[in-house]
Asker: 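Please find one structure pasted underneath; my questions will follow.
The figures here come from the full heavy-atom set of this structure, side chains too, leaving out hydrogens, waters and symmetry mates.
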Amino acid sequence: MAHTLNVRTTSMSPRAGLDADAVRAARIELAACFQLAAQHGFEEGVCNHFSAVVPGHDDLFLVNPYGFAFSEITASRLLICDFDGNVIEGAGHPEATAFYIHARVHRAMPRVKAAFHTHMPNATALCLLDGPPLLWLGQTALKFYGRTAVDEDYNGLALDASEGDRIAQAMGDADILFLKNHGVMVAGMSIAEAWDDLYYLERAAEVQLKAMQANRPLKQVPHAIAQRAYEQMRLGDKESARAHLDSGMRRLRDAGNRFET
(Lines give C-alpha, C1' and ligand atoms only; values in the text may rest on other atoms or scores of the structure.)
Protein backbone atom coordinates (compact mmCIF):
# COMPACT_ATOMS: atom_id res chain seq x y z
CA MET A 1 0.00 0.00 0.00
CA ALA A 2 2.98 2.32 0.42
CA HIS A 3 4.51 4.04 -2.60
CA THR A 4 8.08 5.17 -3.06
CA LEU A 5 8.71 8.82 -3.70
CA ASN A 6 9.10 9.75 -7.35
CA VAL A 7 10.43 13.28 -6.80
CA ARG A 8 14.04 14.29 -6.27
CA THR A 9 15.47 12.94 -2.99
CA THR A 10 19.09 13.98 -3.32
CA SER A 11 20.90 14.13 0.00
CA MET A 12 22.37 17.58 0.51
CA SER A 13 25.00 19.07 2.77
CA PRO A 14 23.62 19.50 6.31
CA ARG A 15 22.57 23.00 7.24
CA ALA A 16 24.02 24.79 10.20
CA GLY A 17 22.01 24.44 13.37
CA LEU A 18 20.49 21.02 12.72
CA ASP A 19 22.42 19.66 15.68
CA ALA A 20 20.95 22.26 18.05
CA ASP A 21 19.45 21.16 21.36
CA ALA A 22 15.95 22.20 20.22
CA VAL A 23 16.22 20.03 17.11
CA ARG A 24 17.46 17.08 19.15
CA ALA A 25 14.55 17.54 21.57
CA ALA A 26 12.07 17.61 18.66
CA ARG A 27 13.55 14.41 17.25
CA ILE A 28 13.16 12.66 20.60
CA GLU A 29 9.57 13.86 21.11
CA LEU A 30 8.50 12.86 17.61
CA ALA A 31 10.17 9.45 17.91
CA ALA A 32 8.34 8.95 21.21
CA CYS A 33 5.03 9.71 19.47
CA PHE A 34 5.71 6.98 16.90
CA GLN A 35 6.52 4.48 19.62
CA LEU A 36 3.46 5.39 21.68
CA ALA A 37 1.21 5.25 18.62
CA ALA A 38 2.52 1.76 17.88
CA GLN A 39 1.74 0.66 21.44
CA HIS A 40 -1.84 1.89 21.08
CA GLY A 41 -2.38 0.24 17.69
CA PHE A 42 -2.61 3.49 15.73
CA GLU A 43 -0.21 2.41 12.96
CA GLU A 44 -0.93 0.50 9.74
CA GLY A 45 2.00 -1.58 8.53
CA VAL A 46 4.79 0.67 7.24
CA CYS A 47 2.27 3.24 6.05
CA ASN A 48 1.05 6.38 7.88
CA HIS A 49 3.29 9.23 8.83
CA PHE A 50 4.03 11.96 11.36
CA SER A 51 5.93 15.16 10.67
CA ALA A 52 7.15 18.16 12.62
CA VAL A 53 8.69 21.44 11.54
CA VAL A 54 12.37 21.60 12.45
CA PRO A 55 12.85 24.19 15.22
CA GLY A 56 14.57 27.26 13.80
CA HIS A 57 14.04 26.08 10.20
CA ASP A 58 10.49 26.76 9.01
CA ASP A 59 11.23 25.35 5.55
CA LEU A 60 12.31 21.94 6.84
CA PHE A 61 10.40 19.11 8.47
CA LEU A 62 11.11 15.87 10.27
CA VAL A 63 9.34 12.78 8.92
CA ASN A 64 9.61 9.01 9.17
CA PRO A 65 11.54 7.16 6.45
CA TYR A 66 9.84 4.73 4.10
CA GLY A 67 9.86 1.06 5.05
CA PHE A 68 9.85 1.23 8.86
CA ALA A 69 7.01 0.46 11.24
CA PHE A 70 6.22 3.04 13.89
CA SER A 71 7.75 0.79 16.55
CA GLU A 72 11.11 0.96 14.72
CA ILE A 73 11.34 4.74 14.64
CA THR A 74 14.03 6.35 16.78
CA ALA A 75 15.27 9.93 17.01
CA SER A 76 18.23 9.32 14.71
CA ARG A 77 16.20 7.39 12.14
CA LEU A 78 13.97 10.39 11.36
CA LEU A 79 14.63 12.27 8.14
CA ILE A 80 14.89 16.02 7.68
CA CYS A 81 13.40 17.07 4.33
CA ASP A 82 12.73 20.35 2.58
CA PHE A 83 9.53 21.20 0.74
CA ASP A 84 11.04 20.30 -2.65
CA GLY A 85 11.71 16.63 -1.85
CA ASN A 86 15.37 16.90 -0.88
CA VAL A 87 16.55 14.80 2.05
CA ILE A 88 18.69 17.23 3.99
CA GLU A 89 19.67 14.78 6.72
CA GLY A 90 19.13 11.06 7.30
CA ALA A 91 19.29 7.75 5.49
CA GLY A 92 16.51 6.79 3.09
CA HIS A 93 13.56 8.78 1.84
CA PRO A 94 9.96 9.45 2.86
CA GLU A 95 7.07 7.42 1.51
CA ALA A 96 5.51 9.25 -1.43
CA THR A 97 2.21 10.19 0.17
CA ALA A 98 4.07 11.27 3.32
CA PHE A 99 6.00 13.83 1.32
CA TYR A 100 3.14 15.12 -0.79
CA ILE A 101 0.78 15.49 2.17
CA HIS A 102 3.12 16.82 4.83
CA ALA A 103 5.28 19.11 2.70
CA ARG A 104 2.20 20.81 1.28
CA VAL A 105 0.42 21.09 4.65
CA HIS A 106 3.46 22.65 6.32
CA ARG A 107 4.08 24.96 3.36
CA ALA A 108 0.46 26.14 3.19
CA MET A 109 -0.14 26.40 6.95
CA PRO A 110 2.83 27.76 8.94
CA ARG A 111 0.73 27.45 12.13
CA VAL A 112 0.97 23.67 11.83
CA LYS A 113 4.16 22.65 13.63
CA ALA A 114 3.25 18.96 13.77
CA ALA A 115 1.03 16.93 11.42
CA PHE A 116 0.05 13.35 12.22
CA HIS A 117 -1.71 11.22 9.59
CA THR A 118 -3.04 7.78 10.49
CA HIS A 119 -5.54 5.14 9.50
CA MET A 120 -6.11 4.30 13.17
CA PRO A 121 -9.09 1.98 13.29
CA ASN A 122 -11.81 3.78 15.23
CA ALA A 123 -11.35 7.28 13.85
CA THR A 124 -10.98 5.84 10.36
CA ALA A 125 -14.17 3.81 10.81
CA LEU A 126 -16.03 7.10 11.34
CA CYS A 127 -14.61 8.27 8.00
CA LEU A 128 -16.39 5.38 6.28
CA LEU A 129 -19.86 6.52 7.34
CA ASP A 130 -22.16 8.97 5.61
CA GLY A 131 -22.80 12.14 7.55
CA PRO A 132 -20.79 13.83 10.31
CA PRO A 133 -17.97 11.57 11.54
CA LEU A 134 -17.59 12.70 15.15
CA LEU A 135 -20.77 13.33 17.12
CA TRP A 136 -20.94 15.50 20.22
CA LEU A 137 -21.96 12.76 22.61
CA GLY A 138 -19.34 12.58 25.35
CA GLN A 139 -16.87 14.76 27.18
CA THR A 140 -13.82 13.43 25.36
CA ALA A 141 -15.37 14.29 21.99
CA LEU A 142 -16.03 17.84 23.17
CA LYS A 143 -12.28 18.46 23.22
CA PHE A 144 -12.68 18.74 19.44
CA TYR A 145 -15.86 20.84 19.33
CA GLY A 146 -15.52 23.43 16.58
CA ARG A 147 -12.06 22.16 15.64
CA THR A 148 -12.88 19.60 12.95
CA ALA A 149 -13.26 19.63 9.18
CA VAL A 150 -14.35 16.92 6.77
CA ASP A 151 -12.92 16.14 3.34
CA GLU A 152 -15.85 14.51 1.56
CA ASP A 153 -14.01 14.01 -1.72
CA TYR A 154 -11.67 11.03 -1.59
CA ASN A 155 -9.43 11.37 -4.61
CA GLY A 156 -7.13 8.34 -4.48
CA LEU A 157 -3.55 8.36 -3.23
CA ALA A 158 -1.73 11.65 -2.64
CA LEU A 159 0.93 11.13 -5.29
CA ASP A 160 1.38 14.72 -6.42
CA ALA A 161 1.52 18.21 -4.99
CA SER A 162 -2.00 19.09 -6.13
CA GLU A 163 -3.54 16.41 -3.93
CA GLY A 164 -1.48 17.59 -0.96
CA ASP A 165 -2.67 21.14 -1.64
CA ARG A 166 -6.26 19.95 -1.82
CA ILE A 167 -5.95 18.24 1.56
CA ALA A 168 -4.38 21.36 3.09
CA GLN A 169 -7.22 23.48 1.71
CA ALA A 170 -9.80 21.05 3.09
CA MET A 171 -8.25 21.33 6.55
CA GLY A 172 -8.36 25.14 6.52
CA ASP A 173 -8.43 26.49 10.07
CA ALA A 174 -9.33 23.13 11.63
CA ASP A 175 -7.02 21.03 13.77
CA ILE A 176 -8.63 17.71 12.86
CA LEU A 177 -9.42 16.65 9.30
CA PHE A 178 -11.56 13.57 8.68
CA LEU A 179 -10.66 12.29 5.22
CA LYS A 180 -13.71 10.35 4.08
CA ASN A 181 -12.92 6.81 2.85
CA HIS A 182 -9.33 7.32 4.01
CA GLY A 183 -8.21 8.32 7.53
CA VAL A 184 -7.49 11.34 9.69
CA MET A 185 -5.01 14.21 9.86
CA VAL A 186 -4.22 15.92 13.16
CA ALA A 187 -2.49 19.30 13.09
CA GLY A 188 -0.86 20.73 16.19
CA MET A 189 0.97 23.86 17.24
CA SER A 190 3.47 21.53 18.95
CA ILE A 191 4.38 17.86 18.87
CA ALA A 192 2.86 17.39 22.33
CA GLU A 193 -0.46 18.94 21.26
CA ALA A 194 -0.62 16.80 18.13
CA TRP A 195 -0.01 13.64 20.17
CA ASP A 196 -2.62 14.63 22.75
CA ASP A 197 -5.23 15.24 20.06
CA LEU A 198 -4.38 12.03 18.19
CA TYR A 199 -4.77 9.93 21.33
CA TYR A 200 -8.05 11.46 22.49
CA LEU A 201 -9.51 11.52 18.98
CA GLU A 202 -9.15 7.75 18.76
CA ARG A 203 -10.63 7.34 22.25
CA ALA A 204 -13.62 9.53 21.35
CA ALA A 205 -14.16 7.58 18.15
CA GLU A 206 -13.93 4.27 20.03
CA VAL A 207 -16.62 5.10 22.59
CA GLN A 208 -18.87 6.61 19.91
CA LEU A 209 -18.74 3.38 17.91
CA LYS A 210 -19.51 1.37 21.05
CA ALA A 211 -22.52 3.58 21.75
CA MET A 212 -23.74 3.22 18.16
CA GLN A 213 -23.59 -0.58 18.49
CA ALA A 214 -26.19 -0.46 21.28
CA ASN A 215 -28.87 0.42 18.70
CA ARG A 216 -30.43 2.94 21.05
CA PRO A 217 -30.94 6.68 20.49
CA LEU A 218 -27.76 8.71 20.92
CA LYS A 219 -27.89 11.58 23.42
CA GLN A 220 -26.25 14.65 21.91
CA VAL A 221 -24.81 17.42 24.08
CA PRO A 222 -26.58 20.76 23.40
CA HIS A 223 -24.53 23.40 21.59
CA ALA A 224 -24.24 25.80 24.52
CA ILE A 225 -22.95 23.11 26.88
CA ALA A 226 -20.65 21.64 24.23
CA GLN A 227 -19.13 25.07 23.59
CA ARG A 228 -18.70 25.71 27.31
CA ALA A 229 -17.02 22.34 27.88
CA TYR A 230 -14.69 22.93 24.94
CA GLU A 231 -13.68 26.33 26.30
CA GLN A 232 -13.06 24.87 29.75
CA MET A 233 -10.81 22.19 28.29
CA ARG A 234 -8.87 24.61 26.12
CA LEU A 235 -7.82 26.64 29.16
CA GLY A 236 -5.40 23.92 30.24
CA ASP A 237 -4.92 22.07 26.98
CA LYS A 238 -1.29 23.02 26.33
CA GLU A 239 -0.23 22.13 29.85
CA SER A 240 -2.22 18.89 29.76
CA ALA A 241 -0.75 17.93 26.38
CA ARG A 242 2.77 18.54 27.64
CA ALA A 243 2.14 16.42 30.73
CA HIS A 244 0.57 13.67 28.58
CA LEU A 245 3.58 13.37 26.29
CA ASP A 246 6.03 13.63 29.20
CA SER A 247 4.20 10.76 30.90
CA GLY A 248 4.40 8.66 27.75
CA MET A 249 8.12 9.35 27.39
CA ARG A 250 8.73 8.33 31.02
CA ARG A 251 6.89 5.07 30.45
CA LEU A 252 8.92 4.37 27.32
CA ARG A 253 12.14 4.94 29.23
CA ASP A 254 10.97 2.79 32.14
CA ALA A 255 10.30 -0.03 29.68
CA GLY A 256 13.81 0.27 28.25
CA ASN A 257 12.62 1.61 24.89
CA ARG A 258 15.47 3.13 22.88
CA PHE A 259 13.48 5.82 21.06
CA GLU A 260 16.03 8.51 21.99
CA THR A 261 18.93 6.91 20.14
Asker: Is there a donor-acceptor pair closer than 3.5 Å between any side-chain N or O of Thr124 and the backbone N or O of His119?
Answerer: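 Confirmed, Thr124 side chain pairs with His119 backbone.
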Asker: Cluster question for you: counting only ILVMFWY and a side-chain heavy-atom cut-off of under 4.5 Å, with indirect links fine, are Leu177 and Tyr230 together?
Answerer: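 No; tracing contacts between hydrophobic side chains, which count when under 4.5 Å, never links both residues.
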Asker: Which pair of non-hydrogen atoms, one from Ala205 and one from Leu126, has the smallest distance, and what is that distance?
Answerer: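 Answer, listing the atom of Ala205 first, then Leu126: CB-CD1, 3.6 Å.
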Asker: Got a second to check how far Cys81's SG is from Leu60's CG, nearest 0.5 Å?
Answerer: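 With rounding to 0.5 Å, SG (Cys81) is 9.0 Å from CG (Leu60).
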Asker: For the side-chain contact (heavy atoms from CB on, under 4.5 Å) test, which of Val112, Asp59, Asp84 pairs with Arg107?
Answerer: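 The passing option is Asp84.
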Asker: Distance from Leu36 atom CG to Phe42 atom CZ, nearest 0.5 Å?
Answerer: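 That separation rounds to 9.0 Å.
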Asker: Is Arg111 salt-bridged to Asp175, cutoff N-O under 4.0 Å?
Answerer: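 A salt bridge links Arg111 with Asp175.
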Asker: Assess whether side chain to side chain contact (heavy atoms under 4.5 Å, CB included) is satisfied between Leu159 and Leu157, documenting all intermediate values.
Answerer: CA-CA 6 Å; Leu159 295 178; Leu157 301 184; 3.8 Å; yes
Asker: Minimum heavy-atom separation for Val87 and Gly92, please, with both atom names.
Answerer: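 Nearest pair, atom of Val87 first, then Gly92: CG2-O, 3.6 Å.
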Asker: Assess the side chains of Gln227 and Glu231: does a donor N or O sit below 3.5 Å from an acceptor N or O?
Answerer: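 Checked: Gln227/Glu231 side chains pair up, N/O donor to acceptor below 3.5 Å.
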Asker: Can you tell me if Arg203 uses its side chain to pair, donor with acceptor, with the backbone of Thr140 under 3.5 Å?
Answerer: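 Checking the backbone N and O of Thr140 against the side chain of Arg203, no donor-acceptor pair under 3.5 Å is found.
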Asker: For atom CD of Gln232, decide whether the heavy atoms of other residues, nucleotides or ligands shown that lie under 6.0 angstrom number more than 12.
Answerer: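 Count over threshold, so yes.
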Asker: Quick check for you: to the nearest 0.5 Å, what is the distance between Leu79 atom CG and Ser51 atom OG?
Answerer: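 The distance works out to 11.5 Å.
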Asker: For the backbone of Ala125 and the side chain of Asn122, can you confirm whether one donor and one acceptor N or O come within less than 3.5 Å of each other?
Answerer: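 Side chain of Asn122 to backbone of Ala125, a donor-acceptor pair under 3.5 Å: no, none is there.
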Asker: With side chain to side chain contact (heavy atoms under 4.5 Å, CB included) as the test, would you mind laying out the steps for Thr118 and Glu44 before giving the verdict?
Answerer: CA-CA 8 Å; Thr118 74; Glu44 186 171 67; over 6 Å; no
Asker: Does Glu193 come within less than 4.0 Å of Lys113, counting only side-chain N to carboxylate O?
Answerer: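 Judged by the 4.0 Å cut-off on N to carboxylate O distance, Glu193 and Lys113 do not form a salt bridge.
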Asker: Can you tell me if Asn257 and Gln35 form a side-chain donor-acceptor pair at under 3.5 Å?
Answerer: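 Present: a donor and an acceptor within the cut-off.
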Asker: Assert yes or no for the condition that the ring centre distance of Phe34 to Phe70 is strictly below 6.0 Å.
Answerer: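 Ring centroids of Phe34 and Phe70 are less than 6.0 Å from each other.
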Asker: For Asp254, does the CG atom sit with more than 12 other heavy atoms under 6.0 Å from it, leaving out its own atoms?
Answerer: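 Yes.
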Asker: Give me the atom names and distance for the closest heavy-atom approach of Ala91 to Pro65.
Answerer: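 Looks like O-CB, 4.2 Å.
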Asker: Report the C-alpha separation of Met212 and Leu129 in whole Å, then their side-chain angles, then the decisive distance to 0.1 Å, and conclude whether the side chain to side chain contact (heavy atoms under 4.5 Å, CB included) test is met.
Answerer: CA-CA 12 Å; Met212 293 168 72; Leu129 306 176; 3.8 Å; yes
Asker: Ignoring hydrogens and angles, tell me if any N or O in the side chain of Arg242 forms a donor-acceptor pair with the backbone of Ala192 under 3.5 Å.
Answerer: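 Side chain of Arg242 to backbone of Ala192: no pair is present.
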Asker: As a quick check of understanding, evaluate salt bridge (charged side-chain N to carboxylate O under 4.0 Å, His left out) for Asp237 and Lys143, giving each step before the final call.
Answerer: CA-CA 9 Å; Asp237 234 18; Lys143 173 180 172 65; 3.2 Å; yes
Asker: Looking only at side chains, do His117 and His102 share a donor and an acceptor under 3.5 Å apart?
Answerer: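 Judged by distance alone, the side chains do not pair up.
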Asker: Counting neighbours of CZ on Arg253 that are heavy atoms of other residues, nucleotides or ligands and sit closer than 6.0 Å, is the number greater than 12?
Answerer: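 Yes - once you tally the heavy atoms of other residues, nucleotides and ligands closer than 6.0 Å, there are more than 12.
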Asker: Let's go through Leu245 and Cys33 carefully: what are the C-alpha distance in whole Å and the side-chain angles of both, what is the deciding distance for side chain to side chain contact (heavy atoms under 4.5 Å, CB included) to 0.1 Å, and is it a yes or a no?
Answerer: CA-CA 8 Å; Leu245 182 54; Cys33 290; 4.0 Å; yes
Asker: Backbone N or O of Ala168 within a donor-acceptor pair of the Asp165 side chain at under 3.5 Å?
Answerer: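 Not at all, since once roles are kept as given, no pair shorter than 3.5 Å links the two residues.
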Asker: Quick one: does Thr261's side chain have a donor or acceptor within less than 3.5 Å of a partner on Arg258's backbone?
Answerer: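 Yes, the answer is positive, given that a donor and an acceptor are paired below the 3.5 Å cut-off.
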Asker: With the 4.5 Å side-chain cut-off for hydrophobic clustering, are Val207 and Leu137 part of the same group?
Answerer: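 Different clusters.
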Asker: So which atom in Ile101 and which in Ala158 form the shortest heavy-atom distance, rounded to 0.1 Å?
Answerer: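 Distance-wise, the nearest heavy atoms are CG1-CB, 3.6 Å.
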Asker: Closer than 3.5 angstrom, by distance alone: can the side chain of Gln208 be matched with the main-chain N or O of Pro133 as a donor-acceptor pair?
Answerer: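 Yes, Gln208 side chain to Pro133 backbone: donor-acceptor pair under 3.5 Å.
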Asker: From Thr97 OG1 over to Phe99 CZ, what is the distance, rounded to the nearest 0.5 angstrom?
Answerer: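 Between atom OG1 of Thr97 and atom CZ of Phe99 there are 11.5 Å.
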Asker: Applying a strict under-4.5 Å side-chain criterion to I, L, V, M, F, W and Y, I'd like to know whether Met233 and Ile225 cluster together.
Answerer: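 Shared cluster, yes.
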Asker: Go through the side-chain N and O atoms of Asn64 and His49 and say whether any donor and acceptor fall under 3.5 Å apart.
Answerer: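 Side-chain D/A pair, Asn64 to His49: absent.
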Asker: Only one of Arg166, Lys180, Gln169, His182 forms a side-chain hydrogen bond (donor to acceptor under 3.5 Å, both in side chains) with Asp151, so which one is it?
Answerer: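 By the side-chain hydrogen bond (donor to acceptor under 3.5 Å, both in side chains) criterion, Asp151 pairs with just one of Arg166, Lys180, Gln169, His182: Arg166.
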Asker: Taking atom types as modelled and ignoring hydrogens, do the side chains of Tyr145 and His223 form a donor-acceptor contact shorter than 3.5 angstrom?
Answerer: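 Yes, His223 and Tyr145 have a side-chain donor paired with an acceptor closer than 3.5 Å.
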Asker: Are Ile80 and Phe68 connected, step by step, through hydrophobic side chains (Ile, Leu, Val, Met, Phe, Trp, Tyr) whose heavy atoms are closer than 4.5 Å?
Answerer: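 Yes; tracing contacts between hydrophobic side chains, which count when under 4.5 Å, links both residues.
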Asker: Quick one: does Lys238's side chain have a donor or acceptor within less than 3.5 Å of a partner on Ser190's backbone?
Answerer: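 Checking the backbone N and O of Ser190 against the side chain of Lys238, no donor-acceptor pair under 3.5 Å is found.
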Asker: Tell me whether Gln220 at atom CD has more than 12 heavy atoms from other residues, nucleotides or ligands lying less than 6.0 Å away.
Answerer: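 Counting other residues, nucleotides and ligands, CD of Gln220 exceeds 12 neighbours.
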Asker: Considering non-hydrogen atoms only, spot the tightest contact between Ala75 and Arg27 and give its length.
Answerer: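 Where Ala75 meets Arg27 most closely, the heavy atoms are O-NH1, 2.8 Å.
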Asker: Do Tyr199 and His40 have their ring centres less than 6.0 Å from each other?
Answerer: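 Yes, close enough.
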Asker: Check Phe50 against Leu198 and note the closest heavy-atom contact, atom names and distance.
Answerer: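 Shortest heavy-atom separation between Phe50 and Leu198 comes out as CZ-CD2, 3.7 Å.
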Asker: Would a hydrophobic clustering, with Ile, Leu, Val, Met, Phe, Trp and Tyr connected at side-chain separations under 4.5 Å, put Trp195 with Ile28?
Answerer: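 In one cluster with Trp195: Ile28, yes.
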Asker: Strictly distance-based, threshold 3.5 Å: is any side-chain N or O of Glu95 a donor or acceptor partner for the main-chain N or O of Ala98?
Answerer: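 Checking the backbone N and O of Ala98 against the side chain of Glu95, a donor-acceptor pair under 3.5 Å is found.
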